[in-house]
Amino acid sequence: MRISKLFGKTRREIPAEADTTSHQLLLKAGMIHQIAAGVYAYLPLAWRSLRKIENIIREEMNEAGGQEMMMPALQPLELWQETGRDQAFGKNLFTFSDRRDRQLTLGPTHEEVATKIASSTIQSYRDLPMMIYHIQTKFRDELRPRAGLVRVREFTMKDLYSFDIDEEGLDISYNKMLRAYQNIYNRCGLPALLIEADSGAIGGKDSNEFMVIHESGEDEVIYCPHCKYAANAEKAQSIKDKIENGKPLPIEEIATPGMSSIEQVASFLKVPHSQTLKAVFYSADGEFTFVVIRGDIEVNETKLKNVIGCTELRLATETETAAAGITTGFASPIGLNGIKTIADDSITTSTNLIAGGNKADTHLKNVNYPRDFQADIITDIALARAGESCPKCQGKLLSETGIEVGHIFKLGTFLSQKLGAMFIDPEGNSQPIFMGSYGIGIGRLLAALIENSHDDKGIIWPMSVTPYQVHLCPLYRDNSNIEEMAENIYNDLKSQEIEVIFDDRNESPGVKFNDADLLGIPLRITISPRTLEKNSVEVKWRTEKKAHLIPLEGLTVKVKELISRSLSELSNPV
RNA sequence: CGGGGUGUAGCGCAGCCAGGUAGCGCACCUGAAUGGGGUUCAGGUGGUCGCCGGUUCAAAUCCGGCCACCCCGACCA
């Protein structure tokens, strides 16, 4: 490709709207163009990289036994209503009506469609196990698209669905995918951490995410440096320190005028936050719910949602709280009637806590569970934090932010039961198919790659996913000798199927080098009067400062060798 | 949806407060010189000032409404 003909120009200044590195570099390098919030066009350079990533994914999916097919983006909303996931997705689902007033949705994912097809295609245990996948455009009406390609409303995703006869079969399929995913990240040169994740509204047993640890990420990862325990903060467990406040004492009412927050109460009574009881009120699918947790710990709403089993969970409004007869700021689980109460297990290991008095300006001292109140459910609903102890090895937990570049789920039989995807077992009984779902967002992977691999000059592509392998950079091109040599080298490299981008512009060396660094092609070949004097060209890796001279004679063979060596460093299958 | 911000040429911005022929830099076109890390000079092309309405002799500028985009939060298989 000649840069003079390339669709998409590099820029010196970047649109003010971009403030994430990958977004800035993608714009600066002329690789993407924004059309609306969270909607992008991919220009030729980005498209080449995206296709390479897709192909790596395709190869690994095929290797693991997946069969590629294509499912439609346009889906009847009815299908989503059958599984109830229209509610779970809520407004994230793009929906509209066709000319006959039938409601349609642009698929945010394809479990429903895949399951529907499986229900008619798979009939016997002899048809299982089976894995199908496609690479296709998804639509999600995100509340807030952000950070360039990191969170968008239209994006390409590879999603694979596995179908098995039982839990053990699912485990096998799941592990195959897990290995395939690790191969994908390795081949893309992207260090992705495998972590435990919440499986969300669809339920299911296990779920894992692949995270690229990076400050611009949107997810918090809690991990243990000692035993490699790592989990999404929504899922993470920790050992809560026990707080002993002595033997249970008699309950006592105390005046706390105007002290309505944990902060105020604790400092007023000169006790640590951990000796207080915090009350939080939620509306869970419309039901008013009272949540109690130790004062120093935050509620993990994902855990809470799973415990309650609701689809919509939000903090209750002041009106709702008042309607439930609760005195905000002085709420208490004691003497509560007819309100669903959920408590974190942290309150069972502490004694003599300070709780609200259920009337203004009053708190209760020496509150003890279960002596003074009961909860409908007692379990872990706490947000794990860095500094707490690892649930596996007692080591100290740490926290980082990360970009989610893959998510895999053991779905179990939830969807197959809803949609009637059954098979006949060897005994002749009808059984629901065990399903798994495995997704990778291609564009986000690209963004994560750039976040992970760049310097202040530009992108640094791994050889496997670079738009081009070689950047050919002749200096003083109007010198006819250079021009001719450069054209020859360009043609030689191309004839050996080396992917080369040729800076055939008559620009100054500074401009060319800066653009080369910005585009981030792994190998740069410079040809100038200076190198020609020695019958050589300069070859420089994007990752290195220094260039070295390579003779013109045998150049193509040498370059081919460098490329394949670079590629082989990226592929060591798990 | 709550909070904050921005819309003027392809990009970055000034002009608005105090209404009076729309400007600068980059990019782009022409020419010349130069050139190993965004080179210089000269000449040029390009704008419904986000949209609709109001005030006014006159609106990029003042007033009202709307829209779009960005950031933080909430939300998120």
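Heavy atoms only: backbone and side chains are in, while hydrogens, waters and symmetry mates are out. What you see is a predicted model, and the numbers here were worked out from it, not measured in a lab. Just so it is clear: chains get the letters A, B, ... in the order the sequence lines come, proteins before strands, and each one is counted from 1.
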P-based separation of B:C52 from B:U61 [nearest Å] = 12 Å

A:K410 side chain reached by A:D171 side chain, heavy atoms, under 4.5 Å = yes

note: A:K9, atom NZ; B:C28, atom P; distance rounded to Å ~ 6 Å

When we call it a touch if two heavy atoms are under 4.0 Å apart, what does A:P474 touch: a base, just sugar-phosphate, or nothing?
-> nothing

Taking atom P of B:C71 as reference, at what distance in whole Å does atom CZ of A:R151 sit?
-> 12 Å

Now, which nucleotide makes the Watson-Crick or G-U wobble pair with B:G64, with each of the two distances under 3.5 Å?
-> B:C52

Which atom pairs, donor and acceptor, lie under 3.5 Å between side-chain atoms of residues 442-454 of chain A and protein residues at least two apart or in another chain?
| from | atom 1 | to | atom 2 | distance (Å) |
| --- | --- | --- | --- | --- |
| A:R444 | NE | A:V150 | O | 2.7 |
| A:R444 | NH1 | A:E404 | O | 3.1 |
| A:R444 | NH2 | A:V150 | O | 3.2 |
| A:E451 | OE2 | A:S22 | N | 2.8 |
| A:E451 | OE2 | A:S22 | OG | 2.7 |
| A:S453 | OG | A:I460 | O | 2.5 |
| A:H454 | ND1 | A:I450 | O | 2.8 |
| A:H454 | ND1 | A:E451 | O | 3.2 |

Mind checking what makes side chain to side chain contact (heavy atoms under 4.5 Å, CB included) contact with A:I14, not counting sequence neighbours?
-> A:Q24, A:K28

Between CD of A:E142 and C1' of B:C72 the distance, given in whole Å, is 17 Å

Report the distance from atom CG of A:L27 to atom P of B:C69, rounded to the nearest whole Å.
-> 15 Å

Name the closest nucleotide to the A:E13 side chain, picking from B:C76, B:C69, B:C26.
-> B:C26

Quick one, give me the B/S/- string for nucleotides 33-44 of chain B, reading 5' to 3', where B means a protein heavy atom under 4.0 Å from the base and S means that only happens at the primed atoms, P, OP1 or OP2.
-> --BBBBS-----

Could you give the distance separating B:A33 and B:C69 at their C1' atoms, to the nearest angstrom?
-> 44 Å

Taking the same atom, C1', in B:A60 and in B:A22, what whole-Å distance lies between them?
-> 8 Å

Atom-pair distance (CD on A:Q34; P on B:C69), nearest Å = 8 Å

Considering every strand shown, what is the Watson-Crick or G-U wobble mate of B:U39 when both distances are under 3.5 Å?
-> B:A33

Ranking A:D19 and A:F89 by the position along RNA chain B of their nearest nucleotide, the one closer to 5' is A:D19

Which one is paired to B:C24, where only Watson-Crick or G-U wobble pairs with both distances under 3.5 angstrom count?
-> B:G12

Side chain A:R144 and base B:C75 donor-acceptor under 3.5 Å | no

A:E220 has an atom CD; how far is it from atom P of B:G73, in whole Å?
-> 12 Å

For residues 135-161 of chain A, the ring pair (Phe, Tyr, Trp, His ring centres under 6.0 Å) pairs (sequence neighbours left out) are none

Please state whether the rings of A:W47 and A:Y42 are parallel, tilted or perpendicular, taking 30° and 60° as the class boundaries.
-> parallel

A:E13: side chain to side chain contact (heavy atoms under 4.5 Å, CB included) partners, not counting sequence neighbours = none

Find the distance between CE (A:M31) and CG (A:L149) and round it off to the nearest 0.5 Å.
-> 9.0 Å

Given the C1' atoms of B:U40 and B:U34, what is the spacing between them in whole Å?
-> 7 Å

Apply ring pair (Phe, Tyr, Trp, His ring centres under 6.0 Å) to A:Y181 and A:Y438, showing your working.
-> CA-CA 9 Å; A:Y181 270 52; A:Y438 315 84; 7.0 Å; no

Rounded to whole angstrom, note down the P distance from B:A14 over to B:G65.
-> 25 Å

Kindly state each residue pair satisfying ring pair (Phe, Tyr, Trp, His ring centres under 6.0 Å) with at least one member in residues 500-524 of chain A, sequence neighbours excluded.
-> A:Y490-A:F502

Just name whichever nucleotide pairs with B:C75, Watson-Crick or G-U, keeping both distances under 3.5 Å, else none.
-> none

Hunt down the Watson-Crick or G-U wobble partner of B:G47, both distances under 3.5 Å, from any strand shown, or write none.
-> none

For A:I14, which contact category applies under a 4.0 Å heavy-atom criterion: base, sugar-phosphate, or nothing?
-> sugar-phosphate

Rounding to the closest angstrom, what is the interatomic distance between B:G7 and B:C63 at atom P?
-> 16 Å

Taking the C1' atom of each, how far is B:U21 from B:G47, in whole Å?
-> 15 Å

Quick one: A:N92 CG to B:A74 C1', roughly how many Å, whole number?
-> 13 Å

Pick the P atom in B:C71 and in B:C29, then give their distance to the nearest Å.
-> 33 Å

note: A:L25, atom CG; B:C11, atom P; distance rounded to Å ~ 19 Å

